[in-house]
Amino acid sequence: MSPRRAALGRRVGAVDGRGRFRTVTPLFERGSEARVGRGSPNAGSGEIVLADFGPQGARILRSLGRADRAADVVAALIDDAGLRRGFGRAVENEARDSVLRAAEDADRRTDLTALPTFTVDPATARDFDDAVSAERDGDQVVLRIHIADVAAHVRPGGRLDGVASQRATSVYAPGTVEPMLPPSLSDKACSLAPGVERLAVTTEIRLDAAANVNAVSFARTRIRSDARLDYDQLDRVFAGSESAPAEVAAPLEIARQVAAALAKRRSGAALEIDSAEPEFVFDTEGNVASAHAVPQTEAHRLIEQLMVLSNELVAAHCEQRKVKTLYRVHEQPDTARIERLVEQLASLDVPTPPLPAKLSRTEAGELAAQASRLVAKEAERRGHGRAAYTSLVLRSLKQAFYTPRNLGHAGLGSPAYCHFTSPIRRYPDLIAHRALLSTLGLGEAEPDGGEVSEAGWHCSEREREAMKIERSADSACAAFLLGRELFEAGWGARFEGEVSGVIGAGAFVRFRGELADVYEGFLPARRMPGDRFDLNEPETALVGRRTGTTVRLGDPVTVTVDSIEAPRGRVDLSPASLS
């Protein structure tokens with residue numbers, strides 16, 4: 001029988017068969033197999049390939065690894081998205097030349113290399129965008145946020161700028177990164193690594209004891225980081241189980257106090273959304289060995305508060321000077337969506353804020369923030385459901401995006417906000433650097449209005465595409481790890497979890513095992529025993545037609561695994577018990 005024809009186009013697939021009778025099936029989406037045409041390079045069964053699917057079959061372009069090796073699948077996901085891997089020679093040469101050019105300008109900068117300075121990043125990070133210094137001056141604190149001066153290396157209109165603007169963002173996936181800038185810049189010349197002099201743009205902020213800003217200034221500087229801290233290490237310092245490096249102990253404690261005061265000031269206006277990102281560990285053969293969810297700790301919140309403050313101050317400065325730049329905008333939610341949120345939370349017996357008779361969009365934003373705090377408190381009281389309840393809050397909000405118009409950031413409660421603190425990995429931050437420096441007469445031209453507008457749309461689209469790749473890669477890695485765990489423990493293993501989402505066809509369940517706490521699978525409604533289940537009107541539970549049994553968002557469940565399609569990140573479950 002002839003293979004069914006696959007959809008046309010270039011995509012990543014997996015090879016089946018050997019010799020003359022080989023087929024390729026799309027790896028990351030449902031699709032029919034296509035016979036491999038004559039003249040294609042040799043590829044064995046189970047091999048991942050990039051192929052052109054056409055009316056006469058598939059033509060293999062190149063091999064990408066093995067479909068049973070997680071690291072190869074993650075890399076293939078990036079290829080499947082059409083992202084260009086690596087950098088051309090001309091771009092690499094321009095990056096190297098930029099390092100020499102920027103060094104010639106170093107002596108004309110403000111020298112802050114004597115300031116005790118530290119960075120805080122994930123343990124696996126290689127690109128360090130930001131560093132912090134802090135000291136007391138009488139009853140004030142002088143806080144300095146140093147950001148890598150990428151604009152000194154990436155000049156408008158050059159090949160390097162063209163590549164960076166097209167990529168718009170670095171794409172991070174487990175075990176790999178496809179950077180926006182060549183590694184000679186992202187990992188080396190622009191990265192604020194410890195013990196080496198680097199070029200930076202520094203925001204100097206004077207604050208009182210309540211973290212009110214009294215004065216702000218900006219400068220192109222030279223800095224030298226004294227300590228490279230990671231989040232786990234910093235949390236141990238805060239817990240008292242480890243001492244901070246002596247040279248940065250004092251500024252670190254000052255920065256901690258400032259961050260706490262900033263968080264207190266912001267607590268009434270900002271959303272309270274705690275997320276836990278998965279982190280995967282690979283063995284030497286490219287297989288996933290373990291994983292865990294990385295929670296947002298005090299160390300994360302310290303850096304977040306300081307970077308948010310810097311972003312706000314740059315955005316406010318650019319708006320006051322009426323210079324063209326990109327703002328990071330998060331509009332107030334639609335009133336109907338917030339009314340729906342309150343209805344959904346109430347259906348789950350989660351406390352909700354009172355709704356006024358007529359709800360304005362500003363009030364809708366305030367209610368969303370209140371709901372986020374009530375959700376967090378109720379989930380802590382119950383001991384489960386936080387991820388599910390928080391997802392309802394997030395789905396009620398509008399998506400943040402980049403635009404030349406300042407529309408405020410509802411989620412942070414900020415009247416003006418931009419992305420400024422990660423120019424190594426985000427192009428909008430580089431635009432904000434050029435805009436800021438143009439107002440100070442520090443060697444940059446004001447960005448072109450038309451180009452900024454186009455960049456806002458493009459960067460927003462690229463951000464969404466990158467997030468899709470990253471989520472797909474996380475799901476695939478978790479599925480590979482689950483398969484490994486079941487191979488060791490047996491397919492009858494039971495897992496404790498909770499309902500993270502519901503649709504008419506069934507429920508999504510997050511669960512933990514011995515090797516990870518980041519598993520998720522789908523529990524079809526047809527496999528739930530004793531009744532036929534339908535989605536309720538608020539879309540928060542599956543309800544049995546005859547018994548009235550409910551499977552609600554956040555409910556604890558015990559499941560077993562039926563099947564795994566690891567490259568697609570698909571896990572099908574059966575119920576072991578429903579609470």
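Along the sequence shown, the residues carry numbers beginning at 1.
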Verdict with reasoning, Glu304 to Arg301, per salt bridge (Lys or Arg N to Asp or Glu O under 4.0 Å)
CA-CA 5 Å; Glu304 179 184 36; Arg301 291 190 290 270; over 6 Å; no

CA sep, side-chain torsions, deciding dist, call: Val281, Val288, side-chain contact (heavy atoms from CB on, under 4.5 Å)
CA-CA 6 Å; Val281 177; Val288 188; over 6 Å; no

Give the intermediate values and the outcome of side-chain contact (heavy atoms from CB on, under 4.5 Å) for residues Arg35 and Gln56.
CA-CA 8 Å; Arg35 179 168 288 173; Gln56 305 305 316; over 6 Å; no

Stepwise, does the side-chain contact (heavy atoms from CB on, under 4.5 Å) test hold for Ile424 with Val150?
CA-CA 7 Å; Ile424 292 176; Val150 175; 3.9 Å; yes

Worked verdict on Arg11 versus Glu29 for salt bridge (Lys or Arg N to Asp or Glu O under 4.0 Å):
CA-CA 10 Å; Arg11 64 184 62 191; Glu29 59 191 62; 2.7 Å; yes

Applying side-chain hydrogen bond (donor to acceptor under 3.5 Å, both in side chains), run through Thr540 and Gln344 and close with a yes or a no.
CA-CA 6 Å; Thr540 56; Gln344 290 177 315; over 6 Å; no

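Between Arg89 and Glu92 no salt bridge is recorded (no basic side-chain N to carboxylate O distance below 4.0 Å). Between Arg62 and Asp79 a salt bridge is recorded (basic side-chain N to carboxylate O distance below 4.0 Å). In summary, Asp52 and Arg59 engage in a salt bridge, as defined by a charged side-chain N under 4.0 Å from a carboxylate O. No salt bridge links Arg155 with Glu94; every basic N to acidic carboxylate O contact stays at or beyond 4.0 Å. Look at Glu465 and Lys468 and you find no salt bridge, because none of the NZ, NE, NH1 or NH2 atoms lies under 4.0 Å from a carboxylate O. Using a 4.0 Å cut-off between a side-chain N of Lys or Arg and a carboxylate O of Asp or Glu, Arg340 and Glu539 qualify as a salt bridge. The residues Asp283 and Arg69 are annotated as not salt-bridged, no charged nitrogen and carboxylate oxygen being separated by less than 4.0 angstrom. With salt bridges taken as basic N to acidic carboxylate O contacts below 4.0 Å, none links Arg167 and Glu461. Taking the charged nitrogens against the carboxylate oxygens, Asp429 and Arg426 do have a contact shorter than 4.0 Å, which makes a salt bridge. The pair Arg545-Asp534 meets the salt-bridge criterion, with a side-chain N (NZ, NE, NH1 or NH2) lying under 4.0 Å from an Asp/Glu carboxylate O.
The two residues Arg22 and Ala43 make their nearest non-hydrogen contact at NH1-N, 2.9 Å. Closest of all the heavy-atom pairs between Cys459 and Ala168 is SG-CB, 3.9 Å. Taking every heavy atom of both residues into account, Asp129 and Leu192 meet most closely at O-CD1, 3.4 Å. Here the closest non-hydrogen pair linking Ser396 and Leu341 is OG-CD2, 3.6 Å. Taking each heavy atom of Ser170 and Tyr172 in turn, the nearest pair found is CB-CE1, 3.6 Å. Heavy atoms only, all atoms of each residue included: Val154 and Asp161 are closest at CG1-CA, 3.6 Å.
Put simply, the side chain of Leu542 reaches to within 4.5 Å of the side chain of Leu535, judged on heavy atoms. Using a 4.5 Å cut-off on side-chain heavy atoms (C-beta onward), Asp121 and Ile303 make no contact.
Checked by atom type, the side-chain pair Glu463/Thr169 shows no donor-acceptor distance below 3.5 Å. Arg382 and Tyr389 are linked by a side-chain donor-acceptor pair at a separation below 3.5 angstrom, with hydrogens and angles left out of the test. Between the side chains of Asp562 and Ser574, a donor-acceptor pair is found at a separation under 3.5 Å. For the 3.5 Å distance criterion, the side chains of Asp531 and Thr547 qualify, holding a donor opposite an acceptor.
Annotation: Tyr402 is in aromatic contact with His419 [ring centroid separation under 6.0 Å].
In this structure a side-chain-to-backbone donor-acceptor pair under 3.5 Å is missing from Glu47 to Ser63.
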